[in-house]
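Scroll down for the structure; my scribbles are underneath it.
First listed ligand is number 1; within each ligand, the first listed atom is number 1.
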Amino acid sequence: MESRLVVNLDALSRTVNAGIVVGIPVFFAFGHYVSFYFHFLTVAFILLALLNLFYKHVQKPHTLLANYGLIAQFRYLTESVGPELRQYLFSGDTEERPFTRIDRSEVYRKAKNVDSSSAFGSVRDLPHEPLLLRHSLFPVKREEIVPFSLTFGEERGLEKRHTMHSPILISAMSYGALGKRAVMALSRGARKAGILLNTGEGGFPKYHLQEGADLIFQMGTAKFGVRTESGELDEKKLTEVASLGAVKMIEIKFSQGAKPGKGGLLPQEKISPEIASLRGISPTQDFLSPSSHAECVDAASSAAFVKRVQDLSQLPVGVKMCLGREEEFVQLIDAFMEQDRFPDYLVIDGAEGGTGAAPKSFMDDLGVPIFSALPFVQNHLQQKGVRNRLKLIASGKLINPGSQIRALCLGADAVYTARGFMLALGCIQALQCNSNSCPTGIATHNPHLEHGLDVVDKAQRVYYYVKNLEKDLYEICAAMGHKDLKELSAEDLFQKQEERSCTK
Ligand SMILES: Cc1cc2nc3c(=O)[nH]c(=O)nc-3n(C[C@H](O)[C@H](O)[C@H](O)COP(=O)(O)O)c2cc1C
C-alpha cells in the first residue's frame with residue numbers, strides 16, 4: 001500500500017496556537033531575567049495571539065482561518081505565490097500558457113537582437129502542431145526573394161491607398177489597456193520598423209500620434225473618440241480622425257477572439273479625466289460598451305455601415321471579427337456582394353487571442369480558433385469568387401515565424417500580433433493586465449510601475465523584433481522553395497498523420 005506523510009493539520013494548529021500563547025509569559029520572563037531584548041519577542045507573540053483571536057473568532061469569510069488560525073495563512077501565502085513558483089522553478093519549457101517559455105524566449109531574443117539559434121535538436125515532440133511546413137528540395141537563394149509589399153484600398157482604386165512593406169502589423173491595444181509609455185514605445189518602434197500600429201478601441205490616439213507611427217484607427221462597438229452621446233457614429237469626428245496624416249486606415253471591430261459577442265464594463269474609477277476626454281464619455285459614471293455596433297443589426301446593415309465609413313473617411317477600411325456561426329459569415333459576404341462593396345480588409349482573430357480583461361469562460365470557450373477559421377474564410381471567399389476584393393489578416397497567438405508562415409499558407413496576406421509586441425516590450429506573462437499592477441509597466445497606469453519602461457530602449461526592441469521576424473520569414477520562405485511570401489499556399493503544409501502505411 002502506498003504510504004504518504006500526512007500532516008495532521010488540526011493537531012498542528014492546536015500546538016502552534018497554544019505555543020503562541022505560552023510564548024508570551026515565557027519571553028516576558030526571559031526579558032525580565034535574561035535580557036531586555038526578549039521583550040521584543042513578547043510583543044511579537046502578543047500581536048500574533050491577537051491576530052489569531054481575530055482569525056478564529058471575529059472574521060467570517062475564511063473557514064480555514066477560523067478553524068486553524070494563523071497557520072492557515074501559509075496556505076494562502078503559498079497559493080498566492082504559486083504561479084511565480086511554477087513559472088520560475090517548476091514549469092517545463094513547453095508547459096506554460098498562454099505562451100510557453102520556448103515561445104517567449106524566441107520573442108525576447110529577437111527583440112534583443114541576440115542569437116536565437118538552438119542546439120542539439122528540437123525540445124518539442126514532433127509534430128507539435130497539426131500542421132507543419134514543407135520545405136523544398138530546391139530552395140530559393142535568399143537574394144532571389146521578392147521584398148514584401150501589400151496595398152490596401154487598391155481594389156477600390158482609392159486615392160489614399162496604403163502600401164506596407166512588412167507582413168507584420170501591431171494588433172489593436174488601446175491606451176487604457178496599455179499605459180502611455182508602452183503605447184509610445186510601440187509607436188516609436190513601429191515608425192522605425194516601418195510598420196502599421198493599430199490604436200485599439202481607446203478613442204483619440206493621443207500617445208500613438210506623439211511618436212509618429214503610421215496608424216490604423218480602430219472603432220470598437222462603443223466608438224470611443226468618434227461617438228455621439230447616444231453611442232452612434234459621429235460623422236464629423238470620424239472625418240476629423242480620418243484626416244489626420246498619420247491615420248492610414250480605419251478598422252471597425254465587430255468582435256475579438258478573446259471575448260467574442262461581449263462588450264465591456266469600464267468602471268468609473270478607471271475613467272480618468274484624460275481617458276474620458278479621449279474616449280468621449282462621462283468621467284462620473286461606469287461605462288458599458290455594447291456587444292455590437294448600434295448600426296449593425298444584421299448582415300445587410302453591417303455591410304451598409306462599412307460602406308458608410310469608407311465613404312466618409314476616404315481611407316481603406318477593414319473589419320475585425322472572430323469567426324462564430326459560419327452561416328452568418330456567409331450572409332455577411334452575400335451582403336457585401338449584394339451591395340457591391342467590400343471592406344478593404346478583413347481581420348480574422350482566433351479564439352486564442354488576448355485581451356486586457358475578459359470573463360474566463362469567454363476566453364476559454366467562445367469563438368473559432370485561427371487555424372480552423374482561416375481555411376473556412378479563405379475557401380469561402382474563393383468559392384464566391386471575391387477573394388480578390390479584399391485583403392485578409394490573421395491573428396491569434398501568431399508571435400513567431402512558424403505560426404505566421406502557417407497563417408500565410410492558409411490564406412492570410414499579413415499577420416497581426418498584439419502579445420508578441422507586449423513580449424518584445426518586456427512582458428513576463430504575469431497575467432495581471434486587468435489589475436493595474438503589471439510588473440513590467442506595460443499594462444498599467446501606475447507611474448511607479450511605468451517608471452522602469454524606457455521608451456527609447458523598448459522601441460528599439462520593437463524594431464529588432466520586426467526585423468528578425470522578417471528575416472526568418474524570408475529565410476523559411478526560401479527554404480520552402482518560394483521567392484515571394486505571396487506564393488505560399490495550403491500545399492506547403494504537412495498535415496499531421498497518425499501512421500503512414502508502407503507498401504512493400
Ligand atoms: C492588452 C491587450 C489589449 C487589447 N485591446 C484590444 C482592442 O482595443 N481592440 C481589439 O480589437 N483587440 C484588442 N486586443 C486583442 C488583440 O488586438 C489581438 O486581436 C489578439 O490579442 C490576438 O493577437 P495575439 O495573440 O498576437 O495577442 C487586445 C489584446 C491585448 C493583449
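Each of the atoms 20 (C), 21 (O), 22 (C) of ligand 1 lies under 4.0 Å from some heavy atom of Gly353. Contact atoms of ligand 1 toward Gly200: 8 (O) (distance under 4.0 Å to a heavy atom of the residue). In summary, the atoms of ligand 1 found under 4.0 Å from a heavy atom of Ser171, numbered by their order in the structure, are 16 (C), 17 (O), 18 (C), 19 (O). Numbered from 1 in the order shown, with element, the atoms of ligand 1 that lie under 4.0 Å from a heavy atom of Thr417 read 26 (O).
At a heavy-atom cutoff of 4.0 Å, ligand 1 is contacted by both the backbone and the side chain of Arg419. The proximity of Asp349 to ligand 1, defined as any non-hydrogen pair under 4.0 Å, is limited to the side chain. Counting heavy atoms closer than 4.0 Å to ligand 1, residue Glu352 contributes nothing at all. At a 4.0 Å heavy-atom cut-off, ligand 1 touches Met173 through backbone and side chain alike. Neither the backbone nor the side chain of Cys433 has any atom closer than 4.0 Å to an atom of ligand 1 (non-hydrogen atoms only).
For atom 25 (O) of ligand 1, the candidate residues are Met219, Lys397, Lys320; the nearest heavy-atom contact is made by Lys397. Checking Ala258, Ala172, Gly176 against atom 5 (N) of ligand 1, the nearest heavy atom belongs to Ala172.
Geometrically, ligand 1 and Thr355 share no nitrogen or oxygen pair separated by less than 3.5 Å. Between Ala418 and ligand 1, a contact under 3.5 Å exists for at least one N or O pair.
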Check your understanding: Going through the distances and angles, do Asp472 and Lys110 end up as a side chain to side chain contact (heavy atoms under 4.5 Å, CB included)?
Key -> CA-CA 10 Å; Asp472 279 13; Lys110 283 186 163 42; 2.8 Å; yes
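Counting only N and O atoms by type, the side chains of His162 and Asp344 include no donor and acceptor under 3.5 Å apart.
Thr355 contributes no side-chain N or O that, together with a main-chain N or O of Ala358, makes up a donor-acceptor pair within less than 3.5 Å.
You'll find the side chain of Tyr474 reaches within 4.5 Å of the side chain of Leu485, heavy atoms only.
Relative orientation of the Phe329 and His380 rings is perpendicular, given thresholds of 30° and 60° on the angle between their planes.
In this structure, atom 9 (N) of ligand 1 lies nearest to the protein heavy atom Gln218 OE1, 2.8 Å. Scanning all protein heavy atoms for the shortest distance to atom 8 (O) of ligand 1 gives Glu201 N, 3.1 Å. Closest to atom 15 (C) of ligand 1 among all protein heavy atoms lies Gly354 O, 3.2 Å.
Both the sub-6.0 Å distance and the 45° axial angle are satisfied by Lys486 relative to the ring of Phe148.
Taking a 4.0 Å cut-off on heavy atoms, Met422 registers as neighbouring ligand 1. Distances shorter than 4.0 angstrom occur between a heavy atom of Gly356 and an atom of ligand 1.
The ring of Phe224 has its center closer than 6.0 angstrom to the ring center of Phe287. Tyr175 has its ring centre less than 6.0 Å from the ring centre of His445.
Comment: Arg461 engages Asp457 in a salt bridge, judged by a side-chain N to carboxylate O separation of less than 4.0 angstrom. Using a 4.0 Å cut-off between charged side-chain N and carboxylate O, Glu235 and Arg308 make a salt bridge. For Glu154 and Lys391, the salt-bridge test passes: some basic side-chain N is under 4.0 Å from an acidic carboxylate O.
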